[in-house]
Amino acid sequence: MPELPDLSAFSHNLQKKLKGKTIRNIEIHSAKKLNATHADFEKALKHQTFKKIVRDGKELYFTTKDGTVVALHLMLRGQLFVDDKEHKSAVVTITFDDDTKFTMADYQGLANIRLNPEEPDAPDALATSVTLSYFRDQLASTKATIKNFLLDQHNLRGIGNAYADEILWDARISPFSICSKIPEEQVEELYHSIRKVLEHAEKQILKSNPDIISGEVRDFMVIHNASKTESPDGAKIHQKVAGGRKTYYTDEQELFK
DNA sequence: TGGCATGTTGGCGA
DNA sequence: CTCGCCAACATGCC
């Protein structure tokens, strides 16, 4: 359930906790779609040292000193732990020379690990390569609704259901607007809202949960929040199920069709 | 108590 | 080819 800002906060804290530690052992307990064998993972990681831990899209990338990359995707229910315990539903456990254990667990079994993942075709939502003109051209060439566009990881990577609603409210654009019909001025609003909402959220999360490496923080959300009935400006929040997930929006958001 | 929440994949129909 | 929608995955939470 963690989304982009949560994952950014996790990477920040994992970097503090795990950077410089040397891997004694890696155990993969269960993983449905491994892109390498257990032996490959062991060979690539044993005795290696983590140098850098970053978020990329909805994944966490752990890079070792020799350039090996381990990618973790938490999917819906993945949880991370840094401690000395065994965890139920562990997908992978990495043990370091100082006996610290890093575990990714998921009772649903969907969280996954990949070794040296291929470079994705779509840019991260916050990448500097996503310029206003790039974004404008992308929107101009699609007839999908803007919410579906933001959620589709083949366009921009990292935005999930809850933040898509927050971003669209911030830009005052209806989630059901057709991408190619959104006027220039609102496209620019949206472009800035993506950065503003996601960066603000990460700051909020780190402020209230400075050591967070798992779970999610949602209490500051103004629209995608089941405990709220009105937007900050007093408009009634509507709910509609689209594509199997709930969309929260208000009449303050203009519909372009 | 029992829906609801979440992301991704693959398949179907318009 | 493009787009929307659905099921499946499994369980903690209110």
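Residue numbering restarts at 1 for every chain, and letters A, B, ... go by the order of the sequence lines. As the structure is a prediction and not an experimental result, all values here were calculated from the model.
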K.L.:
In terms of heavy-atom contacts, does CD of A/Q239 have more than 12 from other residues, nucleotides or ligands at under 6.0 Å?
P.N.:
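Enclosed: over 12 neighbouring heavy atoms sit under 6.0 Å from CD of A/Q239.
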K.L.:
Measure from CG on A/L76 to C1' on B/dT6 and round the result to the nearest Å.
P.N.:
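Taking CG of A/L76 and C1' of B/dT6, I get 4 Å after rounding.
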K.L.:
Please report the distance separating the P of B/dG3 from the corresponding atom of C/dA7, rounded so that it comes out in whole Å.
P.N.:
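Their P atoms lie roughly 15 Å apart.
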K.L.:
Separation of A/H87 atom NE2 from C/dT11 atom P, in whole Å?
P.N.:
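Atom NE2 in A/H87 sits about 18 Å away from atom P in C/dT11.
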K.L.:
Describe the nucleic acid contact of A/H154 in one word from base, sugar-phosphate, nothing, applying a heavy-atom distance below 4.0 Å.
P.N.:
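No contact at all - A/H154 keeps every heavy atom at 4.0 Å or more from the nucleic acid.
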K.L.:
Is there a salt bridge (Lys or Arg N to Asp or Glu O under 4.0 Å) between A/D99 and A/R24? Walk through the geometry before answering.
P.N.:
CA-CA 9 Å; A/D99 293 332; A/R24 182 196 295 152; 2.8 Å; yes
K.L.:
Taking atom C1' of C/dC3 as reference, at what distance in whole Å does atom CG of A/L139 sit?
P.N.:
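Taking CG of A/L139 and C1' of C/dC3, I get 16 Å after rounding.
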K.L.:
Quick one, which residues of residues 140-150 of chain A touch DNA chain C with a heavy atom under 4.0 Å?
P.N.:
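The stretch gives A/T142, A/K143, A/A144, A/T145, A/N148 as the residues lying under 4.0 Å from the strand, ordered by number.
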K.L.:
For A/K246 and B/dA5, is the shortest distance between a side-chain N/O and OP1 or OP2 below 4.0 Å?
P.N.:
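Yes, such a contact exists.
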K.L.:
Take N1-N3 plus N6-O4 or O6-N4 for Watson-Crick, N1-O2 plus O6-N3 for G-U, both under 3.5 Å. Which runs of 3 or more such pairs involve DNA chain C?
P.N.:
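Looking at DNA chain C, the stems formed by three or more consecutive pairs are B:2-5 with C:11-14, B:7-14 with C:2-9.
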K.L.:
Could you give the NZ-to-C1' distance, from A/K58 to B/dT6, as a whole number of Å?
P.N.:
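Result: 9 Å.
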K.L.:
When the distance from CZ of A/F176 to P of C/dC3 is rounded to whole Å, what number comes out?
P.N.:
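Atom CZ in A/F176 sits about 17 Å away from atom P in C/dC3.
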K.L.:
Atom CG of A/D106 to atom C1' of B/dG7: distance rounded to whole Å?
P.N.:
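It works out to 11 Å between those atoms.
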K.L.:
Cation-pi check for A/Y248 against A/K228: NZ or CZ below 6.0 Å from the six-membered ring centre and within 45 degrees of the axis, yes or no?
P.N.:
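Here A/K228 fails the 6.0 Å and 45° test against A/Y248.
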K.L.:
Considering every strand and a 4.0 Å limit on heavy-atom distances, what is the contact class for A/R218: base, sugar-phosphate, or nothing?
P.N.:
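Sugar-phosphate contact only - A/R218 comes under 4.0 Å of backbone atoms but never of a base.
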K.L.:
Over 60° means perpendicular and under 30° means parallel, so tell me whether A/H87 and A/F81 are parallel, tilted or perpendicular.
P.N.:
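Ring orientation, 0 to 90° scale: parallel.
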K.L.:
Where does the angle between the aromatic ring planes of A/F50 and A/F62 fall among parallel (under 30°), tilted (30 to 60°) and perpendicular (over 60°)?
P.N.:
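Tilted, since the angle between the ring planes falls between 30° and 60°.
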K.L.:
Evaluate A/R157 against A/E59 for salt bridge (Lys or Arg N to Asp or Glu O under 4.0 Å), listing each step before the verdict.
P.N.:
CA-CA 9 Å; A/R157 288 177 304 113; A/E59 293 181 294; 5.2 Å; no
K.L.:
If you check the A/R77 side chain, which of B/dA5, C/dC5, B/dT8 turns out closest?
P.N.:
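Shortest atom-to-atom distance from the side chain points to B/dA5.
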K.L.:
Can you tell me which residue among A/V69, A/D56, A/V70 is in a side-chain contact (heavy atoms from CB on, under 4.5 Å) with A/P117?
P.N.:
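For A/P117, the side-chain contact (heavy atoms from CB on, under 4.5 Å) check succeeds only for A/V69.
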K.L.:
With a 3.5 Å cut-off and just heavy-atom distances, do the side chain of A/R245 and the base of B/dA5 make a donor-acceptor pair?
P.N.:
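Check fails, no donor-acceptor contact within cut-off.
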K.L.:
Could you check A/L80, A/I213, A/N209 and say which one makes a side-chain contact (heavy atoms from CB on, under 4.5 Å) with A/N13?
P.N.:
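So the option named by the test is A/I213.
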K.L.:
What's the gap between B/dT6 and C/dC14 when it is taken at their P atoms, as a whole Å value?
P.N.:
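Comparing P positions in B/dT6 and C/dC14 gives a spacing of 13 Å.
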K.L.:
Please determine, for the side chain of A/L110, which listed nucleotide (B/dT8, C/dC9, C/dG12) has the closest atom?
P.N.:
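Looking only at heavy atoms from C-beta outward on A/L110, the closest nucleotide is C/dC9.
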K.L.:
Any side-chain N or O of A/H73 less than 4.0 Å from the OP1 or OP2 oxygen of B/dT8?
P.N.:
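For B/dT8, OP1 or OP2 has a side-chain N or O of A/H73 closer than 4.0 Å.
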K.L.:
Whole angstroms only, please: what is the CG-P distance between A/L72 and B/dG7?
P.N.:
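That distance rounds to 18 Å.
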K.L.:
Would you kindly compare A/L151 and A/Y107 by the position of their nearest DNA chain B nucleotide and give the one closer to the 5′ end?
P.N.:
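Taking each residue's closest nucleotide, the earlier one in sequence belongs to A/Y107.
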K.L.:
A/L74 has an atom CG; how far is it from atom C1' of B/dG7, in whole Å?
P.N.:
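Going from A/L74 (CG) to B/dG7 (C1'), I get 11 Å.
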K.L.:
So among A/I182, A/L190, A/V187, A/T131, which one has a side-chain contact (heavy atoms from CB on, under 4.5 Å) with A/R136?
P.N.:
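Among the candidates, only A/V187 passes.
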K.L.:
What's the shortest heavy-atom distance between A/T250 and A/A235, and which atoms?
P.N.:
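Taking A/T250 first and A/A235 second, the nearest heavy atoms are CB-CB, 4.0 Å.
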